[in-house]
Each structure stands twice: as structure tokens, then as C-alpha cells.
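The next block holds one structure in the form of C-alpha cells; read it before the comments.
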Amino acid sequence: MGLLRKIFIPFVGLVLAFCFYSAREDFKPEMLKGKRVIVTGASTGIGEQMAYHLARMGAHVLITARTEAKLQKVITRCLELGAASAQYVSGSMEDEAFAEHVVKEAELVLGGLDMLILNHVGNSYFNYFDGDVGHVQKLLKINFLSYVAMTVSALPRLKDSGGSIVVVSSMAGKVGFPFTAPYSATKFALDGFFSSLRQELIIQKVDVSITLCILGFVDTESAMKAASDVVLMSPAPKEECALEIIKGGALRQREIYYKYAATKIPLLIRDWAPELLDYLIRRSYNVENLKKN
Ligand SMILES: NC(=O)C1=CN([C@@H]2O[C@H](COP(=O)(O)OP(=O)(O)OC[C@H]3O[C@@H](n4cnc5c(N)ncnc54)[C@H](OP(=O)(O)O)[C@@H]3O)[C@@H](O)[C@H]2O)C=CC1
Ligand SMILES: CC(C)CCC[C@@H](C)[C@H]1CC[C@H]2[C@@H]3C(=O)C=C4C[C@@H](O)CC[C@]4(C)[C@H]3CC[C@]12C
């Protein structure tokens, strides 16, 4: 019995783990060749980098954000990098009708849809919650409800193609970080909605995957400006982050963690020692440097 417990059971565990992981398909850039992809929030940051990766892989990209001039520049670069086609639609995701309009445009100009990458976020503050309920409501519209509206509009086309939905979230959508209360609420909402929807699609045997992306601190201009003085952790590169998101979507993974160890390990602590994790997070902040306004 002792031998069984000490050797046999761990051995079977190792064999099973090996089979499980080695059965996973490898990512190849060709997977995206000719695919029709929408990327939201692609005028800057991680979204912009995803558009460039997709262009290099030969995808048809349709990007969106509010600032037309920036979108035009991203489109020009995408065409230089080898996109099968590159187009944009500009407008605000605060407006539900706009979210639906983007999907209709994709149907019109691309003739269908293979991947919907939901990435945009509205501007927020990185500071103590100021009690502004209106701001929470506005952010929920932009960061959460528009994701739901786009998904509802896109599902019929994604069912046709056996496509994928990629939802860009954050560690702040799994754990409570200080100074991100309104933002964090919108990211937790995404986990609830899309994890539930994923279960329903599986029960109904609908071949549309949902990938939730749990990101740590990434070196985009907006994140650096807001948090680099306060957060004592070094940020990860946006180019690599963008590629990992696309890989996760193409491989139809349930969730991706970027960077892996820096996000996975705190989440392992979360369920067993939540107070310890809360403490470690507070320790990794330099509150003195918080903007006084
Ligand atoms: N950077 C980080 O440290 C982390 C980022 N993430 C997540 O990664 C994703 C990308 O973040 P990041 O690249 O840093 O963000 P950026 O601030 O660089 O980009 C945000 C994008 O959203 C667009 N946007 C803003 N407001 C609206 C609006 N009202 N309607 C439509 N589009 C809008 C912006 O363009 P425009 O202003 O022209 O509309 C821009 O294209 C987000 O989902 C974020 O939550 C998660 C964890 C950490
Ligand atoms: C537990 C630790 C090992 C991991 C720590 C990661 C921390 C530092 C990471 C995880 C999520 C990150 C925030 C985020 O998701 C998005 C934004 C929006 C941007 O406009 C301003 C910066 C902000 C608030 C990031 C700040 C840094 C956060 C809290």
C-alpha cells in the first residue's frame, strides 16, 4: 500500500499530465492566414500590436476605436506588414448601436467573421474610489455591455465559421487590486458573463470558443502613465502580450495567463490564503507616489 501511494499514484499522475499537455496542438501563424478578425481598441496599446501580428499572419483585419487619425495610421502599417485586407470603423463603444454596427460592417466588408477580439477599455482613474457612481455606470457600458452587445451580434456569423471570441481581461478581474474599483468591477463582470456563456455553448454543442485573457501589468502608454510610479512590479512587453492573446484564441484555449507565472502563482494563493495575497499586493504598491488630485 505504501509503495502504491509513494510511487504508482504519482507516476500515473505524471503520465496523465504528459498526455494531456502533449496532445495540445501547437500554434502556427498560418492558422490566421485569410481569417476575418475584428480587433476593438486597436488604435493604441495591446490592440494595436494585435492588429500588426494579425497583419503579418495574413489575416483580414477590421479594427475599431474612437480616434480616426490613429486608426488610419494603424491600417497603413497593417497593409505594409502583409494584411490580406485592413479596414477601420470609428466610434464610441459607450453607444450600444455602434457596437452592433461594427459587427454588421464586418459581415458587409469581410463576408463573415472568424474571430472577435474584444479588447477596448474606456478611460478611468488609478486612485482611491471617488464615489462617482455615474463613472462606474459609464465604464460598465464601455468595458462590459458593449462586449455583450458585440457578442450577441457576432454569434450567428461565428457559428457559421466555427469561430472564436477572445475577451481581454486582467488580474484585476480575478483579484481586488487597490485604486481600480470601477475598472475591476467591469472585468469581474466579463468573467461571470463569458464563463457562463461558454458553459452554455458547450452544452448546446455550439462550436464557438471563448478565451478569457488574464493579463498582469503590461507596458502600454496608458498603463505606464497611470500606474508605473505606484506599482513596484516591472511591466511586460505589449508586443509579446498581443501575440500570446492571438495564440490563445487560435488554439481555442479556455483562458490565457500573461505573464504565466506572474499571474498564475498569485491566483493559486488567492483561493487558499486570500489575506496573504491581499497583503502581498498592498506591499507591491508605493502609495506615496499616488497622484494627488
Ligand atoms: N496595460 C495593462 O497593464 C493591462 C491591460 N489590460 C487590458 O488590456 C486591454 C488593452 O489595454 P491597453 O492596451 O493598455 O489600453 P490602451 O489604453 O492602450 O487602449 C485602449 C483602446 O480602447 C480605445 N477606447 C477607449 N475608449 C473607448 C470608447 N469609449 N469606445 C471605443 N474604444 C475606446 C482606445 O482608443 P480611442 O481612445 O481612440 O477610442 C484604445 O484603442 C484592455 O482590455 C485592458 O483592460 C489588462 C491588464 C493590464
Ligand atoms: C499579483 C501580482 C504579481 C500581479 C500584479 C499585477 C498588477 C500590478 C496589475 C494587474 C492589473 C493591472 C491594471 C490593469 O489591469 C489595467 C490598468 C488600466 C490602465 O489604464 C492603468 C493601469 C491599470 C490599472 C493596471 C495597473 C497594474 C495592474 C493592477
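Counting starts at 1 for both ligands and their atoms, in listed order. Along the sequence shown, the residues carry numbers beginning at 1.
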Answer with side chain, backbone, both or neither: which part of Ser92 has a heavy atom less than 4.0 angstrom from an atom of ligand 1?
-> both
Below 3.5 angstrom, do we get any N/O pair linking Ser169 and ligand 1?
-> no
Is Gly216 near ligand 1, meaning one of its heavy atoms is under 4.0 Å from it?
-> yes
Interatomic spacing from NZ in Lys264 to CD1 in Ile214 - rounded to 0.5 Å = 9.0 Å
Would a 4.5 Å heavy-atom cut-off, applied to side chains only, mark Tyr183 and Val121 as touching?
-> yes
May I ask you to check if ligand 1 and Ile46 share an N or O to N or O distance below 3.5 Å?
-> yes
Straight-line distance of Ser169 OG to Leu190 CG, nearest 0.5 Å | 5.5 Å
Which option, Glu48, Arg66, Lys225, owns the non-hydrogen atom nearest atom 37 (O) of ligand 1?
-> Arg66
Non-hydrogen side-chain atoms of Tyr285 and Phe179 separated by less than 4.5 Å | yes
With a 4.0 Å cut-off, would you call Lys174 and Asp271 a salt bridge?
-> no
For ligand 1, which atoms sit closer than 4.0 Å to a heavy atom of His120?
-> 22 (O), 32 (N)
Do the side chains of Ile38 and Ile117 get nearer than 4.5 Å, heavy atoms only?
-> no
At a non-hydrogen distance cut-off of under 4.0 Å, which region of Lys187 contacts ligand 1 (side chain, backbone, both, or neither)?
-> side chain
Which is it for Phe193 and Tyr147 under the ring-ring contact (aromatic ring centres under 6.0 Å, His included) test, yes or no, and what are the steps along the way?
-> CA-CA 10 Å; Phe193 182 84; Tyr147 281 43; over 10 Å; no
Would one find more than 12 heavy atoms of other residues, nucleotides or ligands at under 6.0 Å from atom CD of Glu96?
-> no
Relative to the heavy atoms of Ala42, which atoms of ligand 1 are at a distance of less than 4.0 Å?
-> 41 (O)
Under a 4.0 Å N-O cut-off, is there an ion pair linking Lys104 with Glu107?
-> no
Atom 30 (N) of ligand 1 [closest protein heavy-atom partner, distance rounded to 0.1 Å] = Met93 N, 2.9 Å
What distance do Ser161 atom OG and Asp114 atom CG have between them, rounded to the nearest 0.5 Å?
-> 4.5 Å
Quick one: does His120's side chain get under 4.5 Å of Ser146's, heavy atoms only?
-> yes
Distance-only side-chain donor-acceptor flag, Tyr257 / Glu244, under 3.5 Å = no
Protein heavy atom at shortest distance from atom 23 (C) of ligand 1 | Gly41 CA, 3.9 Å
Is it true that Ser90 lies under 4.0 Å from ligand 1, counting heavy atoms only?
-> no
Among non-hydrogen protein atoms, atom 42 (C) of ligand 1 lies closest to Asn119 O, 3.1 Å
Side chains of Tyr88 and Glu68: do they bring a donor and an acceptor to under 3.5 Å?
-> yes
Distance to 0.1 Å, residue and atom name: give those for the protein heavy atom nearest to atom 38 (O) of ligand 1.
-> Thr67 OG1, 2.4 Å
Just wondering, are more than 12 heavy atoms of other shown residues or ligands nearer than 6.0 Å to CD in Gln137?
-> no
Is there a donor-acceptor contact under 3.5 Å linking the side chains of Tyr52 and Glu48?
-> yes
Going through the checks in order, is the side-chain contact (heavy atoms from CB on, under 4.5 Å) test met by Val37 and Leu62?
-> CA-CA 6 Å; Val37 187; Leu62 185 114; over 6 Å; no
Tell me, with the steps shown, if Leu215 and Met171 meet side-chain contact (heavy atoms from CB on, under 4.5 Å).
-> CA-CA 6 Å; Leu215 312 181; Met171 276 295 274; over 6 Å; no
Residues lining ligand 2 [heavy-atom distance under 4.0 Å, listed by chain and residue number] | Phe126, Ser170, Met171, Phe177, Thr180, Tyr183, Phe217, Ala223, Ala226, Ala227, Val231, Met233, Ala262, Pro266, Tyr285
For ligand 1, which part of Thr44 has a heavy atom less than 4.0 Å away: the side chain, the backbone, both, or neither?
-> both
Tell me, which protein residue and heavy-atom name are nearest atom 7 (C) of ligand 1, and how many Å apart are they?
-> Val168 CG1, 3.8 Å
Backbone, side chain, both or neither: what part of Ala223 comes under 4.0 angstrom of ligand 1, heavy atoms only?
-> side chain
Between NZ of Lys35 and CG of Leu54, what distance do you get to the nearest 0.5 Å?
-> 12.5 Å
Polar proximity ligand 1 side, Gly122 side, N/O cut 3.5 Å exclusive | no
Do Phe217 and ligand 1 have an N or O pair less than 3.5 Å apart?
-> no
Shortest protein heavy-atom distance from atom 44 (C) of ligand 1, along with the residue and atom involved = Tyr183 OH, 3.5 Å
Ligand 1 versus Pro235, non-hydrogen atoms closer than 4.0 Å: side chain, backbone, both, neither?
-> neither
For Gly45, counting its heavy atoms only, list the atoms of ligand 1 lying under 4.0 Å from any of them.
-> 13 (O), 18 (O)
Got the closest protein heavy atom to atom 24 (N) of ligand 1, with its distance?
-> Val121 O, 3.7 Å
Ligand-side contact atoms (ligand 1) for residue partner Val218, heavy atom cut-off under 4.0 Å | 1 (N), 2 (C), 3 (O)
Below 4.0 angstrom from a heavy atom of Ser222, which ligand 1 atoms are there? Numbered from 1 as shown, please.
-> 14 (O), 15 (O), 16 (P), 17 (O), 18 (O)
the protein heavy atom lying closest to atom 34 (C) of ligand 1 turns out to be Ser43 OG, 3.8 Å
Does Ala227 reach ligand 1, in the sense of a heavy atom lying below 4.0 Å from it?
-> no
Assign the ring pair His101 / Phe98 to parallel, tilted or perpendicular, where the plane angle (0 to 90°) is split at 30° and 60°.
-> tilted
